[in-house]
Amino acid sequence: MSKEKQKGILVLEDGAIFEGTSFGASGERAGEVVFNTSMTGYQEILTDPSYKGQIITMTYPLIGNYGINEADSESLKPCAEGFIVKEYSRIVSNWRAKKNLGDFLKEHDVIGLEGIDTRALTKHIRIAGAMKAIISTENFERKHLTEKARSSPGLAGRDLIKEVTSPKTYNWNKNGTHRVVVIDCGVKYNILRELAARDCRVKVVPARTTAREILNFKPDGLLISNGPGDPEGVPYVVETAKQLLGKLPIFGICLGNQILGLSLGGKTYKLKFGHHGGNHPVRDLKTGKLAITVQNHSFCVDIDSLNKNDIEITHINLNDQTLEGIRHRKLPVFSVQFHPEASPGPHDTNYLFDNFVKMIQDNNA
Amino acid sequence: MPKRTDIKKILIIGSGPIIIGQACEFDYSGTQACKTLRSEGFKVILVNSNPATIMTDPETADATYIEPITTDTVRKIIEREKPDALLPTLGGQTALNLAVELYEQGILAKNNVEMIGAKYEAIKKAEDRDLFKEAIKKIGLDIPQSGRAHDLKEARAIAETIGFPVIIRPSFTLGGTGGGIAYNLAEFEGIASQGLKSSPIHEILVEESVLGWKEYELEVMRDLKDNVIIICSIENFDPMGIHTGDSITVAPAQTLTDKEYQAMRNASIKIIREIGVETGGSNIQFAVNPDNGQMVVIEMNPRVSRSSALASKVTGFPIAKIAAKLAVGYTLDEIPNDITRKTPAYFEPTIDYCVVKIPRFTFEKFPAANSVLTISMKSVGEVMGIGRTFKEALQKALRSLEIGVAGLDKKFEHLNAETIQEGLRVPTPDRIFFIKYALQNGMSINEIYDLSKIDRWFLANIQQIVDLEKEVVRYRKKRNIPADLLRKAKQYGFSDIQLARLLKTKDSFIRKMRQENKILPAFKQVDTCGAEFEAYTPYYYSTYETESEN
């Protein structure tokens with residue numbers, strides 16, 4: 001019935017091994033394995049630049065059902081190093097679908113594995129922590145791959161932004177009252193779409209852009225975007241943020257939150273297996289309001305490291321009480337660890353973009 | 001906010017006799033509510049006319065009245081027991097209807113009984129088609145065109161404006177009793193007059209048909225602080241035109257992109273807020289045009305429903321129990337998730353398996369009844385299968401039906417092409433088997449889709465089952481199949497009996513072969529969270545995977 005399938009393998013740095021069959025590109029890649037608990041949105045997840053350096057396993061077992069369409073990507077191409085599912089659907093059923101997931105992965109040279117006991121893999125990561133791994137469709141020698149996984153660079157201390165940031169400055173849209181500069185640490189398109197939808201004229205700049213260069217654009221506001229990896233690996237963005245504090249309204253999202261945390265004198269640390277999914281409960285400490293949020297981060301700002309005289313903790317995660325948002329008490333600066341732009345996931349915290357625009361308006365008034 | 005201390009005694013109305021459209025699921029939800037409220041220190045007064053329920057066991061409530069569920073009887077009970085509150089949302093449509101009558105007759109006001117969970121206005125807004133339509137339009141969502149009629153002449157005029165086919169829905173009936181689909185005026189007159197007769201207020205709704213559209217349901221919960229979460233999404237295997245209770249349904253939704261799912265989630269949140277169901281669970285149904293994604297709202301149940309019971313089992317999130325706690329003032333973040341213990345009930349369950357529900361019919365006991373499925377419910381129960389694939393869940397559910405099949409088995413002998421086409425076009429309980437026969441006879445997925453409007457994704461999965469069966473049959477002469485194929489068959493949900501039939505051998509032989517090759521079931525947890533957190537009180541399903549959690 002079906003053609004001979006190609007074998008594929010995932011080997012973790014602790015020697016654990018998961019065998020399946022390949023449905024994407026061939027080859028061998030290294031990355032840190034994380035699990036994502038979203039039941040929808042694999043196209044957005046795959047194309048989220050924050051996944052650079054990571055191999056994603058989806059906890060929902062049936063993936064590919066609605067194919068790939070032209071509108072839902074969050075960047076130009078998939079950024080993850082590998083994609084692991086229980087069952088890949090070759091048949092695509094959705095009126096917007098243009099191709100199937102397997103072809104999409106092949107086209108962009110991403111390895112996909114199916115037939116994996118993804119629940120076993122997820123539990124392994126939950127218990128032992130996210131770990132480095134090799135995903136391969138060519139080499140199946142366990143010892144060799146375990147060694148390779150161990151000596152792979154991982155996420156800690158590494159600058160992964162340079163691999164996903166835009167090489168040059170560009171304008172996302174032409175019109176808009178509020179001029180917003182976005183530092184592209186690996187920005188998701190939906191952040192830009194949300195800003196554009198709120199009368200912002202959005203200019204996207206490479207992560208290496210200096211504070212002076214940014215100020216030369218005479219922006220009304222600055223957004224520091226999401227992005228992959230360890231905030232301590234990108235001191236140059238932290239420095240830029242530090243120089244811009246107080247100069248204009250600043251909004252940070254995800255990695256942008258960690259970068260602001262560092263620039264305000266805080267510390268960051270790595271979570272055991274991170275938060276990757278669309279069902280994380282968060283409390284707004286000021287209003288008491290709750291929200292179901294979208295999250296995708298392996299690092300976190302240490303609450304105790306922040307100077308509470310200057311910085312207010314605005315949001316907290318209800319599952320593990322970790323930091324989800326901060327605001328400067330005097331300067332127009334705020335940031336959140338979760339993703340108000342959603343995509344994929346619930347739109348509960350969409351209003352934060354309104355707050356940012358309001359902050360810009362108040363600052364200009 | 002903490003639980004209310006101004007109410008001490010709560011009246012709960014059960015759903016009465018087991019009838020089509022209202023079965024043991026309301027015993028389950030009502031019992032959970034009674035237990036929960038008692039454990040919170042409230043006095044629970046229960047009324048249910050059906051003594052053959054768990055709910056009416058002496059330990060369930062503080063006082064149990066096995067009396068007719070009528071306004072007159074319940075009025076007397078209220079006068080005698082003097083409850084502070086009435087929780088009407090956990091005893092199905094019967095309890096909800098009675099609560100409405102008690103309110104309208106002024107009995108609740110006179111006796112100072114507060115309605116908790118859903119207020120009278122919210123129930124009216126959800127149940128009255130005109131008010132509902134107005135509310136949906138107000139929040140900018142689409143709803144099929146419709147009009148209300150109180151006699152045949154009025155009905156005819158509406159049908160002619162909308163154009164055939166139209167759906168006829170009698171007001172305030174259970175499980176859509178007396179409703180139907182009319183393709184022409186002659187059919188219309190018959191169904192409309194029947195509908196007018198079966199409605200207690202002689203009223204029908206004549207509605208634009210979205211026949212063949214994809215049908216979805218979302219289970220929504222809200223607390224007194226206006227926090228709203230979605231517990232579960234359900235996609236109907238059978239398209240619009242068949243009562244959800246009679247449809248094969250699948251959880252979670254399988255063929256919605258995130259953009260489409262979030263649009264539905266946003267709509268559900270807007271709807272529960274606009275209708276004003278204060279606390280607890282509601283079920284909201286949508287239809288989606290498969291050709292352009294247009295979404296319309298079909299209806300809302302402002303109470304715990306049959307689907308809530310299913311959604312609870314699907315996700316591990318105890319909707320009735322949490323609904324009872326929300327009704328007495330707790331908020332979702334104050335209630336712990338029973339399974340993970342460390343995380344709160346304010347979250348959205350994520351599942352790492354697929355669930356298929358199949359309705360169970362007993363047409364063999366009613367030979368005169370028409371087995372064609374329409375918008376009034378005919379099934380008497382349902383089964384649920386859990387698997388790591390849709391194929392596994394489907395086959396498990398089919399064999400749980402106890403209709404003599406061990407999966408997507410052989411059901412008929414020699415069908416001609418015409419019979420198969422008819423079996424695909426006209427929905428009956430056997431349609432799932434006709435799909436198999438159609439595929440075996442070389443009919444393409446597109447042809448089957450054109451006749452049945454069952455989504456191609458489901459059909460493609462059934463095709464995989466059929467293809468695997470063919471491959472197994474190739475080994476019939478050898479009476480021995482390769483271990484890899486056997487493992488795959490088990491992952492596709494084939495039972496040993498099914499495989500034995502295909503190979504013309506005994507199931508004990510298949511079992512032995514499995515044991516020799518270590519192809520054994522693994523038991524995986526239902527834990528609400530896709531293994532993200534440790535589970536303390538999970539339940540299990542069997543599947544064929546590498547790691548067992550038992």
Side-chain angles (χ1 to χ4, degrees), chain A residues 1-2 18-19 35 37-45 58-62 65-67 69 71-72 86-87 89-97 115-120 122-124 126-127 273 275 277-281 283 288-292 318-320 342-348, chain B residues 225-227 229-230 233 252-262 265-266 269 289-293 331-333 340 342-344 346-354 388-390 445 455-461 463 467-468 470-471 522 524-525 529-534 545-547 549:
Chain A
M1 65 183 223
S2 57
F18 294 85
E19 272 181 49
F35 62 84
T37 58
S38 304
M39 291 187 285
T40 53
Y42 54 81
Q43 181 174 347
E44 293 89 330
I45 289 165
M58 299 300 288
T59 58
Y60 186 65
L62 313 177
N65 305 4
Y66 53 78
N69 62 51
D72 293 351
K86 160 66 184 168
E87 186 180 75
S89 177
R90 276 160 184 79
I91 176 96
V92 156
S93 179
N94 189 280
W95 63 283
R96 293 195 300 152
I116 301 282
D117 185 342
T118 47
R119 185 170 170 93
T122 299
K123 275 183 72 188
H124 192 86
R126 180 187 86 210
I127 293 162
F273 50 85
H275 297 164
N279 67 347
H280 288 259
R283 187 193 310 279
K289 267 192 87 80
L290 307 178
I292 300 293
L318 292 185
N319 283 341
D320 61 7
S343 211
H347 301 168
D348 293 8
Chain B
K225 274 197 174 166
D226 195 25
N227 297 305
I229 52 172
I230 311 299
S233 64
Q254 299 295 333
T255 61
L256 290 178
T257 64
D258 184 66
K259 298 286 174 289
E260 291 147 11
Y261 172 68
Q262 297 306 333
R265 182 182 182 276
N266 292 345
I269 294 172
N289 184 332
D291 299 324
N292 61 17
T331 51
L332 284 159
D333 55 321
T340 63
K342 285 170 190 155
T343 59
Y346 180 75
F347 81 116
E348 296 191 345
T350 187
I351 68 178
D352 56 7
Y353 41 84
C354 178
R388 286 278 283 168
T389 63
F390 166 75
I445 285 178
D455 193 277
R456 292 177 184 87
W457 188 83
F458 296 122
L459 298 176
N461 271 273
Q463 172 94 64
D467 288 346
L468 192 114
K470 252 188 238 163
E471 209 176 329
K524 295 272 189 199
Q525 294 176 342
C529 63
E532 184 170 8
F533 303 101
E534 192 174 349
E545 279 279 28
T546 58
E547 187 195 70
E549 300 181 278

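Letters A, B, ... are given to chains in the order of the sequence lines, protein chains preceding strands, and every chain is numbered from 1.
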If you count heavy-atom pairs under 4.5 Å with chain A, which of [options] comes out on top?
| options | result |
| --- | --- |
| B/Gly293, B/Gly530, B/Pro349 | B/Gly293 |
| B/Thr343, B/Thr340, B/Asp226, B/Leu459 | B/Thr343 |
| B/Glu545, B/Lys225, B/Glu348 | B/Glu545 |
| B/Arg265, B/Gln525, B/Glu534, B/Lys342 | B/Arg265 |
| B/Asn292, B/Asn266, B/Ile351, B/Ile269 | B/Asn292 |

With only heavy atoms counted, which part of [X] is less than 4.5 Å from chain A, the side chain, the backbone, both or neither?
| X | result |
| --- | --- |
| B/Ile230 | neither |
| B/Gln463 | neither |
| B/Phe347 | both |

Given the options [options], which has more heavy-atom pairs under 4.5 Å with chain B than any of the others?
| options | answer |
| --- | --- |
| A/Ala120, A/Gly41, A/Ala342 | A/Ala120 |
| A/Ile116, A/Ile91, A/Val92 | A/Ile91 |
| A/Thr40, A/Leu62, A/Thr59, A/Ile292 | A/Ile292 |

How long is the span from the [atom1] atom in [X] to the [atom2] atom in [Y], to the nearest 0.5 Å?
| X | Y | atom1 | atom2 | answer |
| --- | --- | --- | --- | --- |
| B/Phe390 | A/Glu87 | CZ | CD | 10.5 Å |
| A/Thr122 | B/Asp352 | OG1 | CG | 7.0 Å |
| B/Trp457 | A/Ser89 | CH2 | OG | 6.0 Å |

Engaged part of [X] at the chain B interface, taking heavy atoms whose separation is under 4.5 Å:
| X | value |
| --- | --- |
| A/Arg119 | both |
| A/Asn69 | side chain |
| A/Tyr42 | neither |
| A/Ile127 | neither |
| A/Phe35 | side chain |

With distance as the sole criterion, is a donor-acceptor pair present between the side chains of [X] and [Y] under 3.5 Å?
| X | Y | answer |
| --- | --- | --- |
| B/Glu260 | A/Asn94 | yes |
| A/Ser343 | B/Lys259 | yes |
| A/Thr118 | B/Arg388 | yes |
| B/Thr350 | A/Asn279 | no |
| A/Asn65 | B/Gln254 | yes |

For B/Ala253, check side-chain contact (heavy atoms from CB on, under 4.5 Å) against everything at least two apart and list the hits.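 Partners of B/Ala253 by the side-chain contact (heavy atoms from CB on, under 4.5 Å) criterion, ordered by chain and then number, come out as B/Tyr216, B/Ser233, B/Glu235, B/Leu256.
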List in chain and number order the residues that pass salt bridge (Lys or Arg N to Asp or Glu O under 4.0 Å) with A/Arg283, two or more places apart in sequence or in another chain; answer none if no residue qualifies.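 Result, salt bridge (Lys or Arg N to Asp or Glu O under 4.0 Å) vs A/Arg283: B/Asp333.
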